[in-house]
Amino acid sequence: NSYQPKFIEIMKGVNLPKGRSGGLTPMRLFVLENERILRLCSLFDKIEEIKKDKPNAEFYFYYPSQLYAAQEKIELNLEYMISEFILGRIRNVEENKVVIIDVVFYFGTLHINSYQRLRHALNTLNAINNQNKLLICNYNRNDEFRKILPDVKNLFTKEGAKEVTIHEMTIHHDLPSWIKHENNGY
C-alpha cells in the first residue's frame, strides 16, 4: 500500500515510555490498518454465522499455552488481531452429547506449503484433537484452492482431527453496516 512507507517513517520517530517492571518490559503500540480492521469484521461476521447455524452453541477464542493451561475466553486479545491465524472453539450439544469443534480462522496464503506450516503450528500448540471436529475458515480466495482441498483436509485428518470442514469468510471492501450504524443510533 502506498501509505505504508510514509507510516513506517513516521513510526520511527515515536518514542514510547518504558513499561512495567522498572522499565524492563517495553511498552507496545498496536496499529491496525484498514485491511486488518476489515479482516476482523470478517472474523466477527463468521462467528455470528456460526452462532446462527448452531444457536445453542457457545463460542470461545482459544489460547493454547506450552507453559500453562490453555484458556478459552470470549475476548480477542491484541496479539491475535495481528496473527495469520486465530483459534476458536465451539461447544455444542448434539444428540445429548457435548461436541467440540476446534476452529481456525486462517488469513494466510492458500498453498499446500502454507497449510503444512499451519498444521505444524497447530501440532506444536496441541490444537488438533482426535476427539474434536476441525473447522478451518479461510479468509483469502484462490481459484486453484479447490485442486488442493482434498490434500489440505488429508493433512489435518492424518494429524488426528476427527473431521475437517473448510469454509470461506466474507471479504469486506468497506466497513460492514453493523459497524457504520453502531454509533449512529440505528
Side-chain angles (χ1 to χ4, degrees), residues 4 25-26 28-51 53-54 57-92 98-172:
Q4 281 183 325
T25 305
R28 298 183 297 167
L29 175 66
F30 287 88
V31 177
L32 296 177
E33 75 274 9
N34 290 346
E35 182 182 326
R36 294 249 185 218
I37 293 169
L38 293 175
R39 282 175 29 166
L40 288 173
C41 292
S42 297
L43 168 77
F44 287 107
D45 282 348
K46 190 62 177 179
I47 292 169
E48 286 303 310
E49 181 183 316
I50 290 168
K51 287 179 180 178
D53 186 44
K54 299 180 183 320
E58 298 172 342
F59 177 86
Y60 300 95
F61 291 105
Y62 179 67
Y63 300 99
S65 175
Q66 293 176 321
L67 301 176
Y68 307 105
Q71 297 180 357
E72 296 177 352
K73 296 184 176 187
I74 58 171
E75 302 90 12
L76 178 64
N77 75 25
L78 288 170
E79 285 84 4
Y80 261 34
M81 288 184 193
I82 59 173
S83 177
E84 286 298 308
F85 64 92
I86 296 172
L87 302 178
R89 188 163 276 168
I90 301 166
R91 285 193 191 330
N92 194 31
V98 175
V99 175
I100 297 174
I101 303 170
D102 295 319
V103 183
V104 179
F105 299 97
Y106 180 60
F107 299 99
T109 58
L110 305 182
H111 301 291
I112 196 68
N113 293 345
S114 300
Y115 285 98
Q116 289 168 341
R117 285 190 297 276
L118 177 63
R119 179 195 62 193
H120 178 73
L122 296 178
N123 277 337
T124 301
L125 298 170
N126 294 316
I128 297 177
N129 185 320
N130 64 3
Q131 302 296 309
N132 302 348
K133 297 178 181 179
L134 177 64
L135 170 61
I136 301 173
C137 302
N138 289 331
Y139 177 75
N140 291 308
R141 301 287 187 280
N142 179 339
D143 290 337
E144 300 296 310
F145 179 70
R146 62 184 161 73
K147 293 179 183 175
I148 65 165
L149 178 60
D151 296 330
V152 170
K153 286 184 172 185
N154 194 32
L155 276 174
F156 295 98
T157 53
K158 277 186 175 178
E159 291 302 324
K162 185 176 182 179
E163 175 185 316
V164 179
T165 307
I166 299 181
H167 288 182
E168 290 183 339
M169 295 169 63
T170 301
I171 297 177
H172 291 290

Say you draw a straight line from NE2 of His172 to CG of Leu40; how long is it, rounded to the nearest 0.5 Å?
10.5 Å

Return the CG to CD distance between Leu38 and Glu35, rounded to the nearest 0.5 Å.
8.0 Å

Give the table of side-chain donor-acceptor pairs shorter than 3.5 Å for residues 144-158, with sequence neighbours excluded, one pair per line with atom names and distance.
unit_1, atom_1, unit_2, atom_2, d
Glu144, OE1, Lys147, NZ, 2.7
Thr157, OG1, Lys153, O, 3.2
Thr157, OG1, Asn154, O, 3.2

What ring-ring contact (aromatic ring centres under 6.0 Å, His included) pairs are there with at least one residue in residues 119-140, not counting sequence neighbours?
Phe107-Tyr139

The criterion is side chain to side chain contact (heavy atoms under 4.5 Å, CB included); which residues satisfy it with Glu168, sequence neighbours excluded?
Arg141

Nearest-0.5 Å distance that lies between atom CG in Leu118 and atom CG in Asn123:
9.5 Å

Residue pairs passing the side-chain hydrogen bond (donor to acceptor under 3.5 Å, both in side chains) test where at least one lies in residues 106-116, sequence neighbours excluded:
Thr109-Ser114, Ser114-Arg117, Tyr115-Asn138

What do you reckon, is CG of Asn142 surrounded by more than 12 foreign heavy atoms closer than 6.0 Å?
yes

Going from CD1 on Ile100 to OH on Tyr62, what distance comes out if it is rounded to the nearest 0.5 angstrom?
10.0 Å

Under the salt bridge (charged side-chain N to carboxylate O under 4.0 Å, His left out) test, residues paired with Lys46 that sit two or more places apart
Glu49

So how far is it from Asp45 CG to Met169 CE, rounded to the nearest 0.5 Å?
8.5 Å

Side chain to side chain contact (heavy atoms under 4.5 Å, CB included) filter on Lys133, not counting sequence neighbours, yields Glu94, Val99, Ile101, Glu163

Scan Leu135, Ile128, Leu134, Ile166 and name whichever one has a side-chain contact (heavy atoms from CB on, under 4.5 Å) with Val104.
Leu134

What residues form a side-chain hydrogen bond (donor to acceptor under 3.5 Å, both in side chains) with Arg89, not counting sequence neighbours?
Glu72, Asp102

Going by side chain to side chain contact (heavy atoms under 4.5 Å, CB included), name the residues that satisfy it together with Ala57, two or more places apart in sequence or in a different chain.
Lys54, Ile90, Asn92

Residue pair Phe105, Ile47: steps toward the side chain to side chain contact (heavy atoms under 4.5 Å, CB included) verdict
CA-CA 10 Å; Phe105 299 97; Ile47 292 169; 3.8 Å; yes

List in chain and number order the residues that pass salt bridge (charged side-chain N to carboxylate O under 4.0 Å, His left out) with Glu58, two or more places apart in sequence or in another chain; answer none if no residue qualifies.
none

Hits for side chain to side chain contact (heavy atoms under 4.5 Å, CB included) against Asn140, two or more places apart or cross-chain, chain-then-number order -> Leu110

Determine the interplanar angle of the Phe61 and Tyr63 rings, folded into 0 to 90°, and report it as parallel if under 30°, tilted if 30 to 60°, perpendicular if over 60°.
tilted

